[in-house]
Engineer: 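Following this message is one structure expressed as structure tokens.
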Amino acid sequence: MIASNEEFTEINYRAIVKQAMNTHLFVGYEFKGTECHVIWRHDVDFSLNRALALAKIESELGVTSTWFILLRSEYYNPLEVGASRVIEKIIDLGHTIGLHLDLSAYPDVATSSELEAAVSFESGVLENAFDISISEFSFHNPNSRSETFNDVNVGRYLNASASYFRSAYVYASDSNGYWRFNSIPETIREAEERNLCILTHPVWWVPAPLSPFERIKRAINGRARYTENHYVDLLDDNNRKNIGFET
């Protein structure tokens, strides 16, 4: 099911969250109640700034969600000063931080105990950096290898990528910036009395309509501009010449 680009805007994101609020209670993975609820999750693959934009929308509407952060992203570094401040703002809005684990960084991990050690190591970095506690993780770019780790609990961590959250819940995602299966709004509408698990990737939700690739380019180019401006400002702040720079 291919969506129109107009569907993936901040305005429509706000509308989708409000739609879910009308029928479901927003909860975290620790929820033990019986009310009809939704676990609203984000895998932050490309852009922390897009994550903060959506986190603000949710906060304005009075809900919170779980944001899975990559420690080994090719597109952002959560430990950079600027990036850390963005994550801190998401935390300050009351949201929960989880770990988004790239299993390809651990080719020798073959058992649940080895996986727990990898999750513990990366979670520990984020926990120490942001003075938080992490209890959930999800897999980045899930594949046949990650699917072999299908238990809901891996040691002391909850595996948000476990198939349980697709079988016990009505599941929908915005993967790749279009509706590969049912759209999120349609899924919410059809599951008014069933529990939901919704996965979004913040990079797909932008101020104005763009194609999926244009949305990715927007994040990449924004990152490049940030890096260039950081260098320009560094030299300017220290009264050094920036030879070749044109204003």
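Each residue takes its place number in the sequence, starting with 1.
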Engineer: Would you say Tyr76's side chain and Val44's backbone share a donor-acceptor pair under 3.5 angstrom?
Structural biologist: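 A pair under 3.5 Å: yes.
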Engineer: Under a 3.5 Å distance rule, please check whether Asn159 uses its side chain to pair with a backbone N or O of Ser161 as donor and acceptor.
Structural biologist: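 Flag set: sc Asn159 to bb Ser161 pair under 3.5 Å.
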Engineer: Is there a donor-acceptor pair under 3.5 Å between the side chain of Asp236 and the backbone N or O of Val232?
Structural biologist: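 It does not hold such a pair.
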Engineer: So, is the end of the Arg223 side chain (NZ or CZ) under 6.0 Å from the ring centre of Tyr75 and within 45° of the ring's axis?
Structural biologist: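 The answer is no; the distance or angle limit is not met.
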Engineer: With sequence neighbours excluded, tell me which residues meet side-chain hydrogen bond (donor to acceptor under 3.5 Å, both in side chains) with Ser144.
Structural biologist: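 side-chain hydrogen bond (donor to acceptor under 3.5 Å, both in side chains) list for Ser144, sorted by chain: empty.
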Engineer: When you measure from the side chain of Arg41 to the backbone N and O of Ala160, does any donor-acceptor pair fall under 3.5 Å?
Structural biologist: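 Yes; at least one donor-acceptor contact below 3.5 Å.
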Engineer: May I ask you to check whether Ser104 and Asp102 show a side-chain donor-acceptor distance below 3.5 Å?
Structural biologist: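 Present: a donor and an acceptor within the cut-off.
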Engineer: Applying side chain to side chain contact (heavy atoms under 4.5 Å, CB included) between Ile198 and each of Val170, Val38, Val17, Ile39, report the one that passes.
Structural biologist: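 The side chain to side chain contact (heavy atoms under 4.5 Å, CB included) with Ile198 is passed solely by Val38 among Val170, Val38, Val17, Ile39.
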Engineer: Answer yes or no: is there a donor N or O on one side and an acceptor on the other, between the side chain of His95 and the main chain of Ala55, under 3.5 Å?
Structural biologist: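 Yes, His95 side chain to Ala55 backbone: donor-acceptor pair under 3.5 Å.
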Engineer: Go through the side-chain N and O atoms of Arg218 and Ser47 and say whether any donor and acceptor fall under 3.5 Å apart.
Structural biologist: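 Note: Arg218 and Ser47 side chains miss the donor-acceptor criterion.
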Engineer: If we count only N and O atoms by modelled type, under 3.5 Å, do the side chains of Tyr106 and Glu122 hold a donor and an acceptor together?
Structural biologist: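 Indeed, the side chains of Tyr106 and Glu122 share at least one donor-acceptor pair under 3.5 Å.
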Engineer: Is a side-chain donor or acceptor of Ser123 paired with a backbone partner of Val119 at a separation under 3.5 angstrom?
Structural biologist: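 At least one qualifying donor-acceptor pair exists.
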Engineer: Which of these, Thr9, Asp174, Asn12, sits in a side chain to side chain donor-acceptor pair (under 3.5 Å) with Trp205?
Structural biologist: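 When Thr9, Asp174, Asn12 are each tested with Trp205, the side chain to side chain donor-acceptor pair (under 3.5 Å) holds only for Asp174.
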Engineer: So which pairs with a foot in residues 45-63 pass salt bridge (Lys or Arg N to Asp or Glu O under 4.0 Å), sequence neighbours left out?
Structural biologist: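 Non-adjacent pairs meeting salt bridge (Lys or Arg N to Asp or Glu O under 4.0 Å): Glu10-Arg50, Arg14-Glu60.
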Engineer: Please check this pair: side chain of Arg215 against backbone of Leu210, looking for a donor-acceptor N/O pair closer than 3.5 Å.
Structural biologist: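 Flag set: sc Arg215 to bb Leu210 pair under 3.5 Å.
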Engineer: On the 0 to 90° scale, with breaks at 30° and 60°, tag the Phe137-Phe139 ring pair as parallel, tilted or perpendicular.
Structural biologist: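 Aromatic pair Phe137/Phe139 classed perpendicular.
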Engineer: Could you check whether His100 and Ser138, counting side-chain N and O atoms only, form a donor-acceptor pair closer than 3.5 Å?
Structural biologist: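 Side-chain D/A pair, Ser138 to His100: present.
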Engineer: Distance-only, no hydrogens or angles: does the Asn195 side chain make a donor-acceptor pair with backbone N or O of His37 under 3.5 Å?
Structural biologist: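 Yes: the side chain of Asn195 pairs with the backbone of His37.
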Engineer: Checking the side chain of His24 only, and the main-chain atoms of Arg194 only, is there a donor and an acceptor separated by less than 3.5 Å?
Structural biologist: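 Answer holds: yes.
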Engineer: Does Glu127 reach the main-chain N or O of Ile134 with its side chain, forming a donor-acceptor pair under 3.5 Å?
Structural biologist: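 Side chain of Glu127 to backbone of Ile134: a pair is present.
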